[in-house]
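Below is one structure, written out as structure tokens, with a few remarks after it.
Note that these values count all heavy atoms, side chains included, but never hydrogens, waters or copies made by symmetry. Labels below follow one simple rule: chain letters A, B, ... track the order of the sequence lines, proteins then strands, and each chain is numbered from 1.
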There are 2 protein chains.
Amino acid sequence: MTRIIVCAPSTPLKREDADRVLELAALHFPAVQIAFHEQCFAVDGHFAGPDAMRRDALIESANDPAFDAVWFARGGYGANRIAERVVAGLDDAARNKVFLGYSDGGYLLAALYRAGIGRPVHGPMAVDVRRERGENAIGRALSFLSGDMSGLEPSVNGQPAVAFNLMTLAMLCGTPLMPNLDGHVVMVEEVSEYLYAVDRLLFHVTAHLQGIAGLRLGRVSDVPENDRPFGADVEEIVRYWCGRNDIPFLGGADIGHDPANKIVPFGLARALT
Amino acid sequence: MTRIIVCAPSTPLKREDADRVLELAALHFPAVQIAFHEQCFAVDGHFAGPDAMRRDALIESANDPAFDAVWFARGGYGANRIAERVVAGLDDAARNKVFLGYSDGGYLLAALYRAGIGRPVHGPMAVDVRRERGENAIGRALSFLSGDMSGLEPSVNGQPAVAFNLMTLAMLCGTPLMPNLDGHVVMVEEVSEYLYAVDRLLFHVTAHLQGIAGLRLGRVSDVPENDRPFGADVEEIVRYWCGRNDIPFLGGADIGHDPANKIVPFGLARALT
């Protein structure tokens with residue numbers, strides 16, 4: 001039995017989405033037990049409850065020995081506001097737990113990885129059930145949490161790796177949440193940013209990432225149309241900034257804000273069971 | 001006679017805007033002579049010509065003893081791509097020159113300030129002539145370049161100061177363009193960003209700015225409407241992040257993406273003549 005607790009460190013989940021995840025789990029993963037923390041449905045302005053509520057729900061979930069994994073409900077924005085305090089509140093029960101999410105959840109994955117607590121993993125979140133073919137994303141997450149490694153991003157090998165939303169990684173750089181990524185393969189993906197903004201983010205990120213093993217480019221989707229073409233595509237942009245900063249460009253990564261988003265355990269990948 | 005050369009380190013200017021600036025100068029500033037570098041009107045995808053053209057035009061203008069000031073035509077995006085190489089190419093003629101601009105021009109102001117070259121100044125650009133009451137902005141810039149200090153941001157006093165677009169400052173942090181801002185009053189302004197993005201940028205920036213004298217908040221304009229209210233206004237957001245990072249919040253600043261945008265000489269303000 002794999003026991004999963006879902007909390008929402010960023011923005012709230014809809015109950016119908018939680019219900020749909022429970023349905024899928026009951027149908028396809030009889031050995032998985034999922035509990036949605038009531039905090040997932042709290043609303044406080046932009047956030048799934050005030051900072052203190054989100055922080056406490058996550059600490060309580062991570063420190064509860066009744067669960068094997070903490071699954072982030074959804075991104076959006078807000079995990080950076082609580083990440084440092086969450087890490088400070090974790091105890092031994094959190095140390096062997098998996099923490100699964102992506103996008104805004106990257107702030108927590110980074111802070112946990114920096115602190116050496118638990119097993120931070122980039123992968124689908126509960127809210128992905130809303131996407132077309134979202135059941136594939138949910139299935140991939142639950143399979144992984146059940147010990148199946150077939151959903152790993154295909155380039156994951158014997159090198160330590162991490163995966164981030166590009167904006168999240170840019171905002172992490174130089175903050176107390178940022179782990180040392182020397183020698184790591186760093187995968188990035190982005191959604192809903194202009195190409196000039198992607199260029200700007202890569203200027204920033206590559207200045208901070210000297211010493212990594214290399215950069216891999218995931219999907220950059222839903223790029224808004226600008227009043228004129230940028231003049232270079234995303235891969236050209238990444239190659240340009242990698243070249244300027246002596247960072248090896250390693251090719252593509254099968255991650256993104258979509259149902260095909262693959263799983264990237266932070267550090268060295270190893271089976272959960 | 002004050003001799004000004006305009007170049008475009010980011011995006012291109014329209015000839016009609018240059019003509020309108022020349023008209024205003026001829027009418028109100030007979031002792032000012034303005035030359036628009038032909039590069040201002042070049043177009044290469046997003047940019048006012050390729051990186052090499054923008055870089056060379058700026059180096060040529062800054063190193064030309066026939067001019068007292070280099071005025072940036074327009075922001076948009078792109079100065080970060082050339083700033084480091086521009087600074088490396090400057091000679092003695094550039095050292096006493098004023099460099100005036102804001103927004104994306106902040107990458108150059110920062111790099112020049114870090115290198116101790118010339119007098120970087122936050123203030124209106126030629127493109128501001130397009131705004132309603134844009135003639136006020138142009139007049140303020142040309143008055144300042146003529147030696148009139150009345151357009152200074154009113155809080156500017158005996159303390160060293162800088163002013164930045166918040167996104168520009170966030171992208172600068174930790175890069176080879178970033179000056180040491182210990183003991184400085186740092187003014188920030190923003191345009192067209194969601195409040196959650198402003199919160200995210202302040203998380204990043206305040207983590208990098210410990211040691212400054214304090215933060216001042218300029219105008220945050222054209223905030224897009226989100227699908228729900230953020231739950232705090234801009235000043236509350238700034239106070240929150242200043243509080244978390246022990247940075248004094250010093251109040252407002254009369255800067256922004258608008259025709260009232262005041263002038264902030266980097267470092268200690270002193271008259272030009």
Worksheet item: Taking everything shown except B:Glu225 itself, do over 12 heavy atoms lie less than 6.0 Å from its CD?
Response: no

For [X], is it the side chain, the backbone, both or neither that has a heavy atom under 4.5 Å from a heavy atom of chain A?
{"X": "B:Tyr196", "answer": "both"}
{"X": "B:Asp227", "answer": "neither"}
{"X": "B:Arg228", "answer": "side chain"}
{"X": "B:Asp51", "answer": "side chain"}

For [X], is it the side chain, the backbone, both or neither that has a heavy atom under 4.5 Å from a heavy atom of chain B?
{"X": "A:Arg244", "result": "side chain"}
{"X": "A:Gln210", "result": "neither"}
{"X": "A:Leu201", "result": "both"}

Practice prompt. Please report the closest heavy-atom contact between A:Trp241 and B:Arg81, naming both atoms and the distance.
Written response: CZ2-CG, 3.7 Å

Under 4.5 Å, counting heavy-atom pairs only, tell me which of [options] racks up the most with chain B.
{"options": "A:Gly76, A:Ala197, A:Gly174, A:Ala207", "value": "A:Gly174"}
{"options": "A:Gly78, A:Gly231, A:Pro229", "value": "A:Pro229"}
{"options": "A:Asp44, A:Asp199, A:Asn226, A:Thr168", "value": "A:Asp199"}

Worksheet item: Are the aromatic ring centres of B:Tyr107 and A:Phe203 under 6.0 angstrom apart?
Response: yes

Discussion item. For A:His204 and B:His204, take the angle between the two ring planes, folded into 0 to 90°, and tell me which bin it lands in: parallel under 30, tilted 30 to 60, perpendicular over 60.
Written reply: perpendicular

Worksheet item: For B:Arg219, what residues pass the side-chain hydrogen bond (donor to acceptor under 3.5 Å, both in side chains) criterion, not counting sequence neighbours?
Response: B:Asp254, B:Asp258

Worksheet entry | Under 3.5 Å donor-acceptor, A:His208 side chain and B:Cys173 backbone | yes

Worksheet item: Backbone N or O of B:Ala232 within a donor-acceptor pair of the A:His46 side chain at under 3.5 Å?
Response: no

